[in-house]
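Read the structure below first, then the notes.
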There are 2 protein chains.
Amino acid sequence: MQKEHNLSRNQKIIFDLIDKSGEPMKAYSILFNVQKKGIKAPLQVYRALDKLVEIGKIHKIESRNAFIACQNSSCQISKATAFSICESCENVSEISNSKLSKYLSNFSDDSGMKYSKYNLEFFGLCKKCKSK
Amino acid sequence: MQKEHNLSRNQKIIFDLIDKSGEPMKAYSILFNVQKKGIKAPLQVYRALDKLVEIGKIHKIESRNAFIACQNSSCQISKATAFSICESCENVSEISNSKLSKYLSNFSDDSGMKYSKYNLEFFGLCKKCKSK
DNA sequence: CTTATAAATGTTATATTATTACATAGCGTT
DNA sequence: AACGCTATGTAATAATATAACATTTATAAG
Ligand SMILES: [Zn+2]
Ligand SMILES: [Zn+2]
Ligand SMILES: [Zn+2]
Ligand SMILES: [Zn+2]
């Protein structure tokens, strides 16, 4: 069961927008879309985004400076994320593969560093784009 | 043997700077540092960075918007990269672990997508920072 | 050597992404 | 009420990155 975070007004507006869109959204595109709801300034958007990332409701696609709703109910905190990104149509989806996440969560090398978090982005061509 | 790319003048200036620094550098910090060598505009820096990334001499640390010289002689093209990042001191190093790269290069899920590239960033505390 | 072509450069302006600083409001606990 | 904490509002600005256009240099072919 996913813990319900009580989102604040701005957080809820922004999460709903991203969630409904189903694809990565950029901060200023979000801003444009919520201006009619009274959110007028970039900082209001970035603050909500920061919080939503922190509690794992959304993730940042680092290579795209964009934010997508979490598609993986088991991932309550953004500490182990993996995405597949089509370099042609820019479609992004979250990968939830338990073997992969187990492998990466347990990964350690000889640096003596204990990793508490990772983010992985795979790139390629999606089915549609491949067949064009 | 690493193929020698004949770097152009600007590319060489910028690569040498990043390589000598041994740590991730940001574009505008690079710009500041090469102004005495006649590189005056952001675009000159970004063009060189783009090329250097393309040929694998440097990599972009996406979560930091910074660029680091490749520390892995076997990685001539930036198509399979992994980094360890200390969230306290921001030290970054490139991970070259053949098991990891094999695992990720061969990774496939049920999306039907063939991945040609990946970037992985691990986060944690480095030895030094852990012991503080 | 000449011509063609691609790659790189120079320059100005501008777009996009993100944060600083400061003031105010709401909410739960004691 | 007094406190601490989270969230909000607003203005200004910092940091990151690209568009558009003109020119020069390197490379290769004829
Ligand atoms: Zn998720
Ligand atoms: Zn596609
Ligand atoms: Zn490398
Ligand atoms: Zn450290």
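What's counted below: heavy atoms across the whole structure, side chains too, no hydrogens, waters or symmetry copies. Just so we're on the same page: letters track the sequence lines, and every chain starts at 1.
Relative to the axis of its first five pairs, the axis of the last five pairs of the helix from C:dC1-D:dG30 to C:dT30-D:dA1 sits at 40°, rounded to 10 degrees.
Within the model, atoms CG of A:Asp50 and CD1 of A:Ile55 stand 11.5 Å from one another, a figure rounded to the nearest 0.5 Å.
Side-chain atoms of B:Ser8 and B:Asn10 form no donor-acceptor pair, as typed in the model, at a separation below 3.5 Å.
Looking at which nucleotide of DNA chain C each of A:Lys26 and B:Tyr28 is closest to, the 5′-most match is held by B:Tyr28.
Proximity of A:Lys51 to the phosphate of D:dC5: no side-chain N or O atom is located under 4.0 Å from OP1 or OP2. At C:dA7, none of the side-chain N or O atoms of B:Ser8 fall inside 4.0 Å of OP1 or OP2 (strictly under the cut-off). Put simply, A:Arg9 has a side-chain N or O that comes within less than 4.0 Å of OP1 or OP2 on D:dG9. In this structure, A:Asn6 does not reach the C:dC27 phosphate: none of its side-chain N or O atoms is under 4.0 Å from OP1 or OP2.
A donor-acceptor distance shorter than 3.5 angstrom exists from the side chain of B:Glu94 to the backbone of B:Gln71, with no hydrogens or angles considered. Remark: the backbone N or O of B:Glu62 is paired with a side-chain donor or acceptor of B:Glu121 at under 3.5 angstrom. The backbone N or O of A:Lys128 lies less than 3.5 Å from a partner atom in the side chain of A:Ser131, making a donor-acceptor pair. In terms of modelled atom types and a separation under 3.5 Å, the side chain of A:Lys26 and the main chain of A:Arg64 share a donor-acceptor contact.
Between the CZ atom of A:Phe15 and the C1' atom of D:dA7 there is a distance of 19 Å, rounded to whole Å. Between A:Asp50 atom CG and D:dA7 atom P there is a gap of 11 Å when expressed in whole angstrom units. Distance, B:Asn65 CG to D:dA14 P: 18 Å, rounded to whole Å. Between A:Arg64 atom CZ and C:dT17 atom P there is a gap of 13 Å when expressed in whole angstrom units. Across the protein-nucleic acid pair, B:Leu31 atom CG and D:dT18 atom P stand 15 Å apart, rounded to whole Å. When the P atom of C:dA8 is taken as reference, atom CG of B:Leu7 falls 10 Å away, rounded to whole Å. If you take CZ of B:Phe67 and C1' of D:dT16, they are 9 Å apart, rounded to a whole angstrom. Atom pair A:Ile30:CD1 and C:dT16:P shows a separation of 15 Å (rounding to whole Å applied).
Identified under the side-chain hydrogen bond (donor to acceptor under 3.5 Å, both in side chains) test for residues 12-25 of chain B, with sequence neighbours left out: B:Lys12-B:Asp16.
The aromatic rings of A:Tyr118 and B:Phe122 sit perpendicular to each other, their planes meeting at more than 60°, with 30° as the lower class boundary.
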Full working for side chain to side chain contact (heavy atoms under 4.5 Å, CB included) between B:Glu87 and A:Lys117: CA-CA 10 Å; B:Glu87 289 186 294; A:Lys117 204 169 115 185; 3.2 Å; yes

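For residues 35-47 of chain A, proximity to DNA chain C is found at A:Leu43, A:Tyr46, defined as any non-hydrogen atom under 4.0 angstrom from a strand atom.
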